[in-house]
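Structure first, commentary second.
Heavy-atom basis, side chains included; hydrogens, waters and symmetry copies ignored. Since this is a predicted model, take the numbers as computed values, not measurements.
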Amino acid sequence: MLITGFAAGMFQTNCYLLATEAGSEAVIVDPGQDAAVRVRELLAEHDLTPVAVLLTHGHLDHTWNAAELCDEYSIPAYIHPADRPMLADPGRGLGRALESVIGTLEFREPEKVVDFVDGEDVDLAGIRISVDLAPGHTQGSVLLGIEVPVDAEPGQQGEAAPEVVPVCFSGDVLFAGSIGRTDLPGGDHQQLLDSIAARLLPLPDHTQVLPGHGPQTSIGAERAGNPFLADISGTVKKGRYGL
């Protein structure tokens, strides 16, 4: 499995590319401001053919270059319908305090848009990707889950290591040591905590979390040290991602 990424634009939003291997098809996750140039470089470097853009939510710092890349490669953008209106009208998700970011710029939907459906998997570029709605940061925030095959090697006590590692692209739901902001339109702090309890905390500790901003983390690390999670527990819903 090939997973690569970089931080883009003034908001340093993490954009990711996923593929089964070099020379294969790929999906692009959250191409934010100024991401297109680096995406093209990585596609060429790894000889990848993009087949879709996946958006964890509708905020402009995650969708800025979506239409440009989708239309250039004639591929669809996937987004939850609750956040889809922000593609053409990003001000709906920013509020008055951040409207200056947009200024006189105009945005539009990509030519092809596909709605994410909560609880359904999508199969793209040879990768099965689970989709779980996790509202609170926005009403259409989703968690995208995959399983990454690894070589099974004996553990410290001689037991077999996991043959797959679950990976979650958390968007702005969960960060290393923090959680998403909820002061923008559509945000709800308690709803975000409930989403984390229901969708993330039931996952195994070794689940790797690739957030929308900042460094990679794991469910175990956040369960143990994230101060925002101290008073919640993951008992509402069994974790997905094939586990």
Side-chain angles (χ1 to χ4, degrees), residues 8-16 27-36 39 50-122 124 129-144 169-175 179-196 198-199 211-213:
M10 71 176 82
F11 300 100
Q12 290 292 280
T13 304
N14 291 330
C15 175
Y16 301 98
V27 296
I28 304 162
V29 179
D30 286 353
Q33 183 189 30
D34 299 331
V39 166
V51 296
V53 166
L54 309 183
L55 302 170
T56 60
H57 62 291
H59 281 161
L60 182 59
D61 59 320
H62 292 252
T63 68
W64 199 303
N65 279 177
E68 177 180 343
L69 289 168
C70 285
D71 294 353
E72 176 179 348
Y73 293 103
S74 298
I75 59 177
Y78 285 70
I79 190 169
H80 191 273
D83 279 11
R84 182 171 175 173
M86 294 186 220
L87 291 175
D89 184 11
R92 295 175 62 135
L94 297 180
R96 297 184 62 183
L98 293 176
E99 285 182 353
S100 61
V101 173
I102 301 174
T104 60
L105 296 174
E106 295 184 359
F107 293 87
R108 59 178 175 80
E109 281 195 355
E111 293 179 2
K112 303 175 184 178
V113 179
V114 178
D115 289 341
F116 276 135
V117 178
D118 178 32
E120 291 193 359
D121 296 340
V122 294
L124 296 164
I129 304 165
S130 65
V131 180
D132 284 300
L133 182 63
H137 177 64
T138 67
Q139 290 305 296
S141 291
V142 296
L143 306 169
L144 304 175
F169 296 87
S170 63
D172 287 2
V173 174
L174 181 68
F175 305 124
I179 61 175
R181 63 188 295 178
T182 55
D183 59 329
L184 297 176
D188 185 311
H189 183 73
Q190 186 57 54
Q191 186 182 41
L192 179 59
L193 294 179
D194 291 343
S195 290
I196 292 170
R199 303 292 195 173
H213 304 269

To the nearest 0.5 Å, how far apart are [atom1] in [X] and [atom2] in [Y]?
X	Y	atom1	atom2	value
Asp30	Ile28	CG	CD1	11.0 Å
Glu109	Asp89	CD	CG	11.0 Å
Gln33	Asn65	CD	CG	8.0 Å
Leu94	Met86	CG	CE	8.5 Å
His62	Leu54	NE2	CG	14.0 Å
Tyr78	Lys112	OH	NZ	10.5 Å

Heavy atoms, side chains only, cut-off 4.5 Å: are [X] and [Y] in contact?
X	Y	answer
Val29	Thr56	yes
His213	Thr13	yes
Ile75	Val53	yes
Ile102	Phe107	yes

Could you tell me whether a side-chain N or O of [X] sits under 3.5 Å from a main-chain N or O of [Y], the two making a donor and an acceptor?
X	Y	value
Asp34	Gly9	no
His59	Asp61	no
Asp118	Leu133	yes
Glu111	Asp71	no

Where [X] and [Y] come nearest, the two heavy atoms and their spacing:
X	Y	answer
Pro110	Cys70	CB-CB, 3.7 Å
Ser141	Val173	CB-CG2, 4.1 Å
Leu143	Arg199	CD1-CB, 3.5 Å
Ala67	Arg108	CB-O, 3.7 Å
Gly212	Phe175	N-CE2, 4.2 Å
Gly140	Asp83	N-OD1, 2.9 Å

Does the side chain to side chain contact (heavy atoms under 4.5 Å, CB included) test come out yes or no for Tyr16 and Leu144, once each step is laid out? CA-CA 12 Å; Tyr16 301 98; Leu144 304 175; over 6 Å; no
Step by step, work out the side chain to side chain contact (heavy atoms under 4.5 Å, CB included) result for Ile129 and Asp121. CA-CA 5 Å; Ile129 304 165; Asp121 296 340; over 6 Å; no
For a side chain to side chain contact (heavy atoms under 4.5 Å, CB included) check, start with the C-alpha distance between Leu55 and Leu87, then their side-chain angles and the critical distance, and finish with the verdict. CA-CA 10 Å; Leu55 302 170; Leu87 291 175; 3.8 Å; yes
According to side chain to side chain contact (heavy atoms under 4.5 Å, CB included), who are the partners of Arg181, at least two apart in sequence or on a separate chain?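 Testing Arg181 for side chain to side chain contact (heavy atoms under 4.5 Å, CB included), a comparison that skips the adjacent residues, returns Leu98, His137, Asp183, Leu184.
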Determine whether His189 and Ile179 satisfy the following criterion, side chain to side chain contact (heavy atoms under 4.5 Å, CB included), listing intermediate values before the conclusion. CA-CA 10 Å; His189 183 73; Ile179 61 175; 3.8 Å; yes
